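Working notes, structure below.
Since the model is a prediction, treat every value here as computed from it, not as a measurement. Protein chains get the first letters and strands the later ones, always in sequence-line order, with residue 1 at the start of each.
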Amino acid sequence: MPDTKPDFDIRAFRNALVEWFRREGKDYPWRRTTDPWHILVSELMLQQTTIPTVLGRYERWMRQFPTPGHLASVDEQTALRSWEGLGYYRRVRSLQAIAREIVHEFGGEFPDNPEGLKRLPGIGPYTSGALLSFAFNKAAPIVDANVARVLARIDNYSVPVDSTEGLKYLWTRAENLVDPEHAREFNSAIMELGQTYCRISAPDCLLCPVRSFCSAEQPEMLPVKNPKPEITRVEHHDVLYLRGKSILLARCPEGKRHAGMYRFPQREDDHTLSLPHVLKQTYSVTRYKVTRYIHHVTESPAFLEGEELVPLDKVHELPMASPDRKALNSPVLGKLLDHIR
DNA sequence: TACACGTGGCG
DNA sequence: TCGCCAAGTGT
């Protein structure tokens with residue numbers, strides 16, 4: 001068992017890590033607060049998203065929605081629009097659902113225990129631990145990709161970290177290691193170690209503050225992960241249809257990708273496909289590599305479910321996924337739109 | 001359990 | 001150009 005490794009001095013490990021963090025830890029906006037609302041926003045933004053991306057968005061979001069009440073009171077479209085470009089839009093729906101629950105059910109107070117937190121949508125074991133430690137300084141474990149890498153290397157652990165067995169091991173190990181006296185600093189430290197010295201490629205073991213605790217023989221080979229699904233190429237054909245000073249857009253249905261967001265209407269009929277395209281885009285979305293053609297349609301198509309004409313001066317208010325926003329802002333479409341404005 | 005869910009940066 | 005990856009969760 002991980003907690004019974006004979007020559008591993010847990011207290012010394014905690015001290016080395018926390019002291020390193022106090023010396024060299026970075027200063028992020030979300031490390032300057034213990035307000036659970038601020039911590040929650042930062043954690044949801046940071047899920048599968050890089051720190052530079054979040055640094056470019058976090059403070060503006062907090063100015064717009066400084067309390068749960070501010071997000072609870074706007075409509076979903078406004079919330080989605082504010083999240084635009086960050087991806088994984090379910091996160092902002094969860095955030096708004098949580099905000100409304102905090103305001104209307106919990107009198108504005110966050111739960112400070114794992115049972116209460118994990119009942120909230122979008123909060124899993126990682127985010128629960130992050131809130132408990134970063135906001136409430138409680139000795140809750142966290143395991144994210146950084147912690148998994150650090151722990152796998154420290155223990156020279158070669159079971160896939162995304163397997164059931166691997167996850168169980170890592171969470172148990174994280175729970176044993178977390179410093180009960182300095183949970184906030186310890187969890188920040190172990191994550192930051194994974195981003196700096198214990199990085200994925202070319203780890204800098206010579207400068208690592210906990211190198212004397214590490215068993216890794218070939219750190220660059222750890223952690224082991226399960227293989228990823230293959231990439232599938234797909235083609236989409238969409239239409240640009242303008243009438244007066246409006247554009248035809250489709251609202252994505254609930255429960256599907258980009259739910260609640262607006263996109264160019266899709267068509268697969270032979271007539272549409274026979275028209276020359278005004279724009280060709282390629283982009284990746286999860287396991288798909290998409291080639292998307294936008295055809296300029298001049299005769300009114302039959303409107304399908306969820307499609308509506310949107311005045312061009314309102315388009316900027318609607319939430320759109322990045323490829324659609326980029327298409328709309330592209331020079332070639334811009335020229336067409338300017339022509340009728 | 002395996003897959004869906006976005007995006008941008010980097011080697 | 002391409003594959004990999006990031007402070008994961010829901011189903």
Nearest to the side chain of [X], heavy atoms from C-beta on, is which of [options]?
X	options	value
A:Lys228	C:dA7, B:dG8, C:dC5	C:dC5
A:Ile200	C:dA6, B:dG6, C:dT9	C:dA6
A:Arg149	B:dG6, C:dT9, C:dA6	C:dA6
A:Pro323	B:dT7, C:dA7, C:dT9	B:dT7
A:Thr127	C:dG8, B:dG6, C:dA7	C:dG8

Can you tell me how far P in C:dA7 sits from the matching atom in B:dG11, rounded to whole Å? 16 Å
Rounded C1' spacing from B:dT1 to C:dA6 in Å: 23 Å
N or O in side chain of [X] less than 4.0 angstrom from [N] OP1/OP2:
X	N	result
A:Lys326	B:dG8	yes
A:Lys225	C:dA6	yes
A:Ser322	B:dT7	yes
A:Ser201	B:dG11	no
A:Tyr288	B:dA4	yes
A:Ser284	B:dG6	no

Can you tell me how far [atom2] of [N] sits from [atom1] of [X], to the nearest Å?
X	N	atom1	atom2	value
A:Arg57	B:dT7	CZ	C1'	11 Å
A:Met45	C:dT9	CE	P	17 Å
A:Tyr283	C:dT1	OH	P	16 Å
A:Leu44	C:dA7	CG	P	15 Å
A:Leu46	B:dT7	CG	P	17 Å

Does A:Arg287 CZ have over 12 foreign heavy atoms under 6.0 Å away? yes
Tell me whether A:Arg149 forms a cation-pi arrangement with A:Tyr157, defined as NZ or CZ under 6.0 Å from the six-membered ring centre and within 45 degrees of its axis. no
Quiz question: going by heavy-atom distance under 3.5 Å, is there a donor-acceptor pair between the base of C:dA6 and the side chain of A:Gln195? no
With sequence neighbours left out, the residues meeting salt bridge (charged side-chain N to carboxylate O under 4.0 Å, His left out) with A:Asp27 are A:Arg32
Please give me every residue in residues 84-106 of chain A whose heavy atoms get under 4.0 Å of an atom in DNA chain B, ordered by residue number. A:Gly85, A:Leu86, A:Gly87, A:Tyr88, A:Tyr89, A:Arg90
Rounded to the nearest 0.5 Å, what's the gap from [atom1] on [X] to [atom2] on [Y]? Could you check?
X	Y	atom1	atom2	answer
A:Ser274	A:His237	OG	NE2	11.0 Å
A:Leu240	A:His277	CG	NE2	13.0 Å
A:Ile294	A:Gln281	CD1	CD	5.5 Å

5'-most contact on DNA chain B (nearest-nucleotide basis), A:Gln48 vs A:Ser163, goes to A:Ser163
Can you see whether A:Asn187 engages A:Ser133 through a side-chain donor-acceptor pair at a distance of less than 3.5 angstrom? yes
